[in-house]
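The shown structure was predicted, so the numbers you read here are calculated from the model rather than taken from an experiment. Both backbone and side-chain heavy atoms feed into the values below; hydrogens, waters and symmetry mates do not. One-based numbering, in listed order, for ligands and for the atoms of each.
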Amino acid sequence: MIIKRKKTKVITLGNLKIGGGNPIAVQSMLKSKLEETGKIKEEVKKLVESGCDVIRVAVPEKRSIGYLKSLIEEKVFPVPVVADIQFDWSLAIDCLDLGVDCVRINPGNIGGKDKLAKIAEKARQKKAALRIGVNSGSIDKEIFKRNKGNIVNSMVESVIECVKIFEDCEFYNFKISAKASSVLDTINVYEILSDKLCYPLHLGITEAGPPFRGGIKSAVGLGILLSRGIGDTIRVSLTGRAIDEVKAAYIILGSLNLRKRGVDIISCPTCGRTVVDLKKIVDMVEDLTYNVKKELKVAIMGCIVNGPGEARDADIGIAMGKEKAAIFIKGKVIDRVDRDEMEKRFKEELERMLED
Ligand code: SF4
């Protein structure tokens, strides 16, 4: 099955193009505070290594601006940076003056139409992008009342009202997100927006939760939307490390053949037939490959039921037998090793393959 992506307008964030069939951009948000300069630099470095295309950073107050200014002057962000602004519209203006690539504003709490227009005007002057970021937890009260408390309709109306303000300012370089914590509401809102508008959509399930729960909720919600061709950029929001958000995003995109990066690990779930500590080998492979860019399929299988088939099908694989484990490279057995040396041998072959 090939997913046919819906055509959207192309927008520009720094040197990155989003929408119009460009690769689906992966975004994450820094967990550190702007004043924690050392932590910010470390987080940015790891995010970029793991394939993050766009980095968002919270700018909560006036004193944050000075820290952001220093980071931008030091060229800490090698990828486009998005300043996340809530409540104080003047922070959006300050960030655009600093030269950020994009500002995310939440129309529900920015303080009215004239403020939104001023932000759009400034973004147009600065050739920056904006993100209309409606969130189910902070919908404008009037809009919510008008829609009799219907979250989906309120979110759609909130987005469309903001789009109209931007278009009236002749500003078109923006993307849209409308995230709800309910997966079904999120799907519903994005489907309606995708039918009504041509601007690129940034997908996400807001406040999705800790990595296990949040990863699953995001995979279901984003997976359904992406499989219907909706979505130009994504973020998997997790209560956890930002690099895990990026990793989860690539697994979702890779599962749908929309964008591949790094190592795909095929490992069996283990059962009463498993004769070795398979998880230990899987953990070793995860550690060795977490920031590898090269596309590679690695299979780690616990017995001969499905083991040889899956291992043969991978770029590199190992299948446990009764006495020995067989190591496969590109479909051929290259070695049969005793159990006590199989992890070491497999690691050597994998490292060799990663170096090629
Ligand atoms: S491959 Fe073998 S060990 Fe692994 S789950 Fe299947 S039957 Fe069990």
Side-chain angles (χ1 to χ4, degrees), residues 1 50 183 208-224 226-227 236 238 240-241 243-356:
M1 172 184 159
S50 61
V183 172
F212 185 71
R213 186 175 293 270
I216 293 170
K217 279 162 83 174
S218 299
V220 172
L222 272 53
I224 288 172
L226 290 164
S227 72
V236 177
L238 299 175
R241 298 182 308 171
I243 52 167
D244 291 333
E245 296 189 353
V246 175
K247 197 168 167 183
Y250 276 103
I251 294 171
I252 293 171
L253 294 174
S255 311
L256 294 168
N257 276 347
L258 284 167
R259 194 170 167 194
K260 299 225 183 236
R261 185 186 199 277
V263 173
D264 187 14
I265 299 177
I266 314 288
S267 63
C268 82
T270 74
C271 71
R273 290 187 192 89
T274 320
V275 288
V276 294
D277 185 354
L278 203 78
K279 187 168 178 304
K280 191 163 163 262
I281 304 177
V282 173
D283 288 347
M284 176 275 287
V285 174
E286 282 266 32
D287 285 350
L288 207 64
T289 60
Y290 85 96
N291 62 356
V292 167
K293 287 189 199 146
K294 188 174 174 176
E295 270 181 47
L296 209 62
K297 194 167 161 186
V298 182
I300 305 136
M301 302 294 293
C303 83
I304 53 165
V305 175
N306 295 319
E310 292 288 358
R312 193 171 289 119
D313 206 33
D315 294 298
I316 175 165
I318 185 163
M320 315 301 159
K322 272 204 172 127
E323 304 297 331
K324 296 195 175 238
I327 296 177
F328 293 75
I329 289 187
K330 307 270 185 208
K332 295 212 163 48
V333 177
I334 57 127
D335 204 356
R336 288 182 203 278
V337 287
D338 290 335
R339 282 189 209 153
D340 52 355
E341 55 172 317
M342 67 183 179
E343 186 180 337
K344 187 169 154 280
R345 269 294 285 127
F346 189 58
K347 191 174 176 204
E348 279 167 12
E349 289 303 328
L350 179 57
E351 282 172 334
R352 191 167 302 145
M353 195 165 252
L354 293 173
E355 277 164 19
D356 276 353

### Task
Run through the protein N/O/S atoms less than 2.8 Å from atom 2 (Fe) of ligand 1 and write them out by chain and number.
Cys303 SG

### Query
By side-chain hydrogen bond (donor to acceptor under 3.5 Å, both in side chains), which residues pair with Asp338, not counting sequence neighbours?
Lys324

Side-chain donor-acceptor pairs under 3.5 Å in residues 312-321, sequence neighbours left out?
from	atom 1	to	atom 2	distance (Å)
Asp315	OD1	Lys330	NZ	2.9
Asp315	OD2	Lys297	N	2.7

### Query
Any idea which heavy atoms bring Ile251 and Ser255 closest together, and the distance?
O-OG, 2.5 Å

### Message
The criterion is salt bridge (charged side-chain N to carboxylate O under 4.0 Å, His left out); which residues satisfy it with Lys279, sequence neighbours excluded?
### Response
Asp283

### Task
Keeping the roles fixed (side chain from Ser227, backbone from Ile224), state whether a donor-acceptor pair exists under 3.5 Å.
yes

### Query
Is the shortest side-chain N to carboxylate O distance from Glu348 to Lys344 below 4.0 Å?
yes

